[in-house]
Amino acid sequence: MLPCQLNIAIDGPAGAGKSSVARAVAQALGLVYLDTGAMYRAITWKALQMGVPLTDVDALSSLAAATDFHWDSENGILELYMDGKPLPAAIRSAEVTQQVSLVASYEQVRKEMRQKQRALGNGNGVVMDGRDIGTAVMPNAPLKIFLTASLEERAERRLRELGQDLSLLPQMMRSLAERDHKDSSREHSPLSIAEDAIIIDTTGLSLSQVVDLVIGHAKRVCFGEGE
Ligand code: DC
């Protein structure tokens, strides 16, 4: 395939499959993949480690400003590093997952993060996933995708991802619905669909079906091919 070096924004609610789709699309097209949710999680983890109160907006935005994110390649694979180290597994812990929506709700913190996200994307095309990529971080991206799926399917996928029992479905549905509500109703850059985004409902679709759909749209944008 000829190089298709475009910026692709992928937004959507928790558990819609954004990161799996974004990673696979980036790999297929030879683009960099940036998980912006991981960056909000990393700042939340760092604040918890350092004992910065998550209600102290000024301290959190200074912390975000002073944090270095850069790409490093481990075995030829580009990976995001924070302050010289790979992002710790603990950014996926229950504690961080519970607190990250609060940290991500502060405009001062988001402003710092958006700048860093844009800088990390500078270059030869990036696939970025998050909640405000098409609306705020890369509003000029030539391809914007909004991924969604039913609450039940998103909860099921999340449980499988975590290797947890499906009997936990009601709890997981409640926790995702709560996070959806927090991410969609916050004052600053809430989860919203860019006017020019292509909405893909992934309920009942496999990962490879969704990846193929997105790659089809990318080829159309790059080369004017039919979908
Ligand atoms: O995609 P995720 O679940 O890892 O994201 C973690 C949190 O970060 C989620 O609650 C919403 C927030 N987030 C955000 O506000 N803006 C982004 N661009 C990415 C994530």
Side-chain angles (χ1 to χ4, degrees), residues 7-26 32-48 54 57 60-61 63-64 67 69 80 82 87-121 126-139 141 144-149 151 153-162 164 172-194 197 202:
N7 289 335
I8 304 177
I10 301 188
D11 289 299
K18 296 182 301 289
S19 45
S20 312
V21 171
R23 184 176 291 112
V25 168
V32 168
Y33 162 54
L34 181 62
D35 176 352
T36 63
M39 294 174 70
Y40 283 100
R41 287 172 178 274
I43 287 295
T44 305
W45 172 82
K46 189 173 167 184
L48 289 167
L54 301 189
V57 187
L60 284 174
S61 59
L63 182 78
T67 299
F69 286 99
L80 188 62
M82 178 172 72
L87 302 188
I91 65 166
R92 309 274 164 204
S93 67
E95 188 184 18
V96 170
T97 301
Q98 226 192 348
Q99 305 289 355
V100 61
S101 290
L102 176 63
V103 174
S105 71
Y106 300 129
E107 174 56 16
Q108 274 171 265
V109 174
R110 302 195 67 84
K111 195 167 158 243
E112 298 295 341
M113 299 300 273
R114 281 197 297 266
Q115 278 172 11
K116 290 176 194 287
Q117 289 157 4
R118 289 188 195 118
L120 287 162
V126 62
V127 183
M128 233 185 255
D129 78 351
R131 305 293 191 286
D132 62 341
I133 309 303
T135 51
V137 180
M138 300 199 301
K144 299 178 187 173
I145 304 284
F146 190 90
L147 289 186
T148 175
L151 180 61
E153 181 143 339
R154 291 193 283 125
E156 254 183 61
R157 288 181 192 163
R158 212 13 89 86
L159 285 174
R160 278 204 208 98
E161 214 171 84
L162 297 169
Q164 290 177 352
M172 184 54 88
M173 283 172 70
R174 265 198 305 277
S175 129
L176 282 185
E178 198 183 309
R179 204 139 67 86
D180 284 354
H181 177 71
K182 281 188 203 156
D183 293 339
S184 309
S185 59
R186 67 175 178 230
E187 194 183 343
H188 306 291
S189 300
L191 169 66
S192 55
I193 308 176
T202 70

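For ligands, and for the atoms within them, numbers begin at 1 and follow the listed sequence.
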Can you tell me if [X] contacts ligand 1 (heavy atom of the residue under 4.0 Å from the ligand)?
X: Ala14; value: no
X: Arg186; value: yes
X: Arg110; value: yes

With the threshold set at 4.0 Å, does a side-chain nitrogen-carboxylate oxygen contact exist between [X] and [Y]?
X: Glu161; Y: Arg157; answer: no
X: Glu178; Y: Arg174; answer: no
X: Glu107; Y: Lys111; answer: no

Tell me whether the count of non-hydrogen atoms from other residues, nucleotides or ligands lying under 6.0 Å of NE2 in His181 goes above 12.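 At most 12 heavy atoms, drawn from other residues, nucleotides or ligands, come within 6.0 Å of this atom.
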Are there over 12 heavy-atom neighbours, none belonging to Gln98, within less than 6.0 Å of that residue's CD?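 Counting other residues, nucleotides and ligands, CD of Gln98 stays at 12 neighbours or fewer.
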Write out the residue and atom name of the closest protein heavy atom to [atom], then the distance separating them to 0.1 Å.
atom: atom 12 (C) of ligand 1; result: Ala104 CB, 3.8 Å
atom: atom 3 (O) of ligand 1; result: Arg179 NH1, 3.0 Å
atom: atom 17 (C) of ligand 1; result: Arg131 N, 3.4 Å
atom: atom 19 (C) of ligand 1; result: Thr36 OG1, 3.3 Å
atom: atom 5 (O) of ligand 1; result: Gly37 CA, 3.6 Å
atom: atom 11 (C) of ligand 1; result: Asp183 OD2, 3.4 Å
atom: atom 4 (O) of ligand 1; result: Arg41 NE, 2.7 Å

Considering only heavy atoms, which of Asp35, Val100, Thr44, Leu34 lies nearest to atom 7 (C) of ligand 1?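 Selected option, by shortest heavy-atom distance: Val100.
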Verify side-chain contact (heavy atoms from CB on, under 4.5 Å) between Met128 and Val32, making sure each step is shown before the conclusion. CA-CA 8 Å; Met128 233 185 255; Val32 168; over 6 Å; no
Distance check, rounded to the nearest 0.5 Å: Phe69 atom CZ versus Thr36 atom OG1?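 One gets 10.5 Å once the value is rounded to the nearest 0.5 Å.
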Interatomic spacing from CG in Asp11 to CG in Leu191 - rounded to 0.5 Å: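 The CG atom of Leu191 is 7.0 Å from CG of Asp11, to the nearest 0.5 Å.
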Could you tell me, atom by atom, which parts of ligand 1 come under 4.0 Å of a heavy atom of Ser101?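 Those of ligand 1 that fall under 4.0 Å from Ser101 are 10 (O).
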Please list, in number order, the atoms of ligand 1 under 4.0 Å from a heavy atom of Gly130.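 Those of ligand 1 that fall under 4.0 Å from Gly130 are 17 (C), 18 (N), 19 (C).
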Any chance the side chains of Arg110 and Ser105 put a donor and an acceptor closer than 3.5 Å?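 No, no side-chain donor-acceptor pair sits under 3.5 Å.
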